[in-house]
Amino acid sequence: MIRNYLLTAWRNLQKNKLNAFINVTGLSVAFTCCILLFLMVRFEFSYDQFHANKKSLYEVYSIDHQAAGDEMSESMSYAAVPAFKGECPSVAKASTFCNVGSGIRYKGKELSQKVNLVDNDFFSMFTFPVVAGNAAAPLGNLNDVVLTQYVATALFGKEDPIGKGVEVKVNGTWKALTVSSVLKDFPDNSTLAFGILARTEIAPDFAENKDNWNNQSHAVYVQLADNATQAKAESELKQLIERHHLYDPEQAKKQGSHKDERGEYYSYRLEKMTDLHFAESLSPRMAINKNYLYTLILIAVIVMVIACFNFINLNVARAFTRAKEVGIRKTIGADKKQIYFQLWAESLLLFVAALLLSIGFASLTLAPFNALFTEKLKLGVLLQPSVLLLALAMT
């Protein structure tokens with residue numbers, strides 16, 4: 001029965017090639033636009049979603065309610081990590097993430113790759129799998145260094161990097177370190193980007209400033225305990241600020257600073273790891289406004305609605321020429337249900353043809369689309385279940 005519906009539908013479409021061509025072209029263009037926009041929005045919303053501990057990961061930032069306006073900063077001191085872990089029960093783990101320049105060399109070969117200093121907790125907090133070397137404690141020793149797969153391949157080629165001595169440039173000073181582990185390359189939708197990781201303690205100014213709260217130069221990330229809440233952790237951070245006298249309320253009042261809704265002139269707050277990509281006030285260079293993404297979704301919906309209206313209008317125009325055909329079908333015994341399914345089969349064939357064309361168009365236009373919007377979408381994502389479900393829903 002279904003075969004007969006489809007066969008008859010195919011014959012009808014062949015008789016009306018111009019109408020079919022216009023319908024398929026309009027729908028395929030709309031489908032292509034929707035697929036590309038969906039991929040872009042989906043990519044942006046997927047930032048940092050790959051971390052196993054994503055629900056309990058936060059970045060600590062400070063907010064100072066000055067007279068000229070609120071000033072927010074990601075910069076923390078070396079003293080912050082041990083204090084957060086030792087004095088805040090809600091904080092289970094913490095790590096610095098300090099950018100100290102770029103540079104690594106081995107046997108006369110030098111690469112300009114980003115160097116970041118972190119603490120041991122970093123590898124259990126974030127999901128950056130170890131593919132070679134010491135997986136239990138990648139930076140267990142002070143002179144250890146961890147490379148990504150890309151850096152390891154670029155520097156060592158086919159040679160095994162584990163245990164090899166390299167020199168890493170840290171704030172302009174070359175440090176002799178030993179490769180302990182190789183990490184899988186971080187995904188494109190990661191806020192944290194790095195090539196080389198080493199211990200925070202090797203920073204040239206660490207010994208001098210490890211207890212200095214005023215020397216603030218890097219970000220700090222924390223993982224909350226299982227039973228902890230963001231509000232509880234921020235309350236403990238408030239007590240820490242008071243305990244270490246990190247601000248002077250009287251001086252702040254004289255300078256015209258104002259209190260926030262919590263009655264604080266200066267405070268430490270937490271930003272969820274999965275929200276950092278949208279926190280424009282914290283990371284303006286890499287952040288994106290959610291309203292921009294919602295606008296793209298609206299554009300995709302409008303394009304699809306326009307395509308549907310065009311499809312409906314063309315088929316309404318054809319209805320007058322098909323009245324005779326429907327009358328003959330009723331005369332020879334076709335009921336309302338059979339006529340409905342016959343017309344539906346024709347529409348289905350048009351939609352499927354448009355869908356297949358749109359997938360082809362999307363694959364062809366993906367590279368220039370990436371260049372236009374500076375995205376990193378890949379062709380393989382078109383075959384992922386969520387994308388296929390979207391295409392099926394549109395059909």
Side-chain angles (χ1 to χ4, degrees), residues 43 46-48 50-51 57 59 74-75 81 95-206 217-221 273 276-277 283 285-287 370 374-376 378:
F43 175 79
S46 70
Y47 259 77
D48 300 311
F50 60 90
H51 294 297
L57 292 175
E59 182 183 20
E74 298 175 290
S75 294
V81 167
S95 175
T96 62
F97 190 73
C98 182
N99 181 14
V100 290
S102 63
I104 185 171
R105 62 190 183 190
Y106 172 71
K107 290 184 178 180
K109 185 176 183 180
E110 184 175 334
L111 298 176
S112 179
Q113 292 293 326
K114 190 176 180 182
V115 181
N116 289 90
L117 304 184
V118 299
D119 296 285
N120 276 321
D121 283 348
F122 180 87
F123 301 96
S124 57
M125 291 169 60
F126 301 100
T127 306
F128 298 117
V130 175
V131 296
N134 187 349
L139 292 178
N141 298 316
L142 191 61
N143 65 337
D144 284 343
V145 65
V146 175
L147 311 179
T148 61
Q149 284 179 306
Y150 175 81
V151 175
T153 302
L155 189 63
F156 292 94
K158 295 183 179 179
E159 185 179 351
D160 184 7
I162 305 302
K164 300 295 193 301
V166 297
E167 289 183 297
V168 176
K169 200 172 188 179
V170 180
N171 284 339
T173 303
W174 288 100
K175 300 278 187 178
L177 304 174
T178 302
V179 179
S180 65
S181 307
V182 175
L183 298 183
K184 183 179 179 181
D185 290 332
F186 59 85
D188 294 330
N189 57 350
S190 173
T191 297
L192 301 180
F194 53 87
I196 304 159
L197 297 176
R199 287 272 291 270
T200 305
E201 292 90 336
I202 72 170
D205 64 336
F206 178 80
S217 60
H218 56 268
V220 169
Y221 296 90
M273 189 71 198
L276 279 178
H277 187 56
S283 304
R285 287 172 295 178
M286 50 74 67
N370 285 340
T374 65
E375 300 300 317
K376 296 182 180 179
K378 296 178 181 178

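Remember, it's a predicted structure, so these values are computed and weren't measured experimentally. Side chains are part of it too, since the values below use all heavy atoms of this structure and drop only hydrogens, waters and symmetry mates.
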Can D48 and S190 be said to form a side-chain contact (heavy atoms from CB on, under 4.5 Å), step by step? CA-CA 5 Å; D48 300 311; S190 173; 4.3 Å; yes
Checking side-chain contact (heavy atoms from CB on, under 4.5 Å) for the pair K169/V115: CA distance, chi angles, key distance, verdict? CA-CA 8 Å; K169 200 172 188 179; V115 181; 5.7 Å; no
Start with the C-alpha gap between S95 and D121, add the side-chain angles, then the distance that decides, and say whether side-chain hydrogen bond (donor to acceptor under 3.5 Å, both in side chains) holds. CA-CA 6 Å; S95 175; D121 283 348; over 6 Å; no
Decide yes or no on side-chain contact (heavy atoms from CB on, under 4.5 Å) for L192 and F122, but give the supporting numbers first. CA-CA 11 Å; L192 301 180; F122 180 87; 3.9 Å; yes
Could you go through I196 and V166, starting from their C-alpha distance and side-chain angles, then the distance that decides it, and tell me whether this counts as side-chain contact (heavy atoms from CB on, under 4.5 Å)? CA-CA 11 Å; I196 304 159; V166 297; over 6 Å; no
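Annotation for E167 and R105: closest pair OE1-NE, 2.7 Å, computed over non-hydrogen atoms. Summarising the geometry of S180 relative to I162, their closest heavy-atom pair is O-CD1, 3.8 Å, with the distance given to 0.1 Å. Residues L117 and R199 share a closest heavy-atom pair of CD2-O, 3.6 Å. Annotation for E59 and A219: closest pair OE2-CB, 3.4 Å, computed over non-hydrogen atoms. For the pair V151 and L111, the tightest heavy-atom approach, listed with the atom from each and the gap, is O-CD1, 4.1 Å. Taking all atoms of both residues into account, the shortest heavy-atom contact from A193 to F97 is O-CZ, 3.9 Å.
One N or O on the side chain of N134 and one on the backbone of A137 form a donor-acceptor pair closer than 3.5 Å. Under a 3.5 Å cut-off, the side chain of D185 and the backbone N or O of T148 do not form any donor-acceptor pair. No donor-acceptor pair under 3.5 Å is formed between the side chain of T178 and the backbone N or O of G165.
Between P204 and V170 there is a side-chain heavy-atom pair separated by less than 4.5 Å. Within the 4.5 Å cutoff, no side-chain heavy atoms of P161 are placed close to those of L155. Considering only heavy atoms from C-beta on, L139 comes within 4.5 Å of F123 through its side chain.
Of the inter-residue distances, the one linking I202 atom CD1 with N171 atom CG reads 9.5 Å to the nearest 0.5 angstrom. Interatomic distance, CG of L197 versus SG of C98, reported as 12.0 Å (0.5 Å rounding). Note: L57 CG to T127 OG1 = 8.0 Å, rounded to the nearest 0.5 Å. If you take CG on N370 and CZ on F43, they are separated by 8.5 Å, rounding to the nearest 0.5 Å. To the nearest 0.5 angstrom, K107 atom NZ is 8.5 Å from F156 atom CZ. Note: I104 CD1 to S112 OG = 11.0 Å, rounded to the nearest 0.5 Å.
Residue F186 is tested with F128, F126, F194 for a ring pair (Phe, Tyr, Trp, His ring centres under 6.0 Å); the sole match is F194.
The environment of F206 atom CZ is dense: over 12 non-hydrogen atoms of other residues, nucleotides or ligands sit within 6.0 angstrom. Shown here is K184, whose NZ atom has no more than 12 heavy atoms of other residues, nucleotides or ligands within 6.0 Å.
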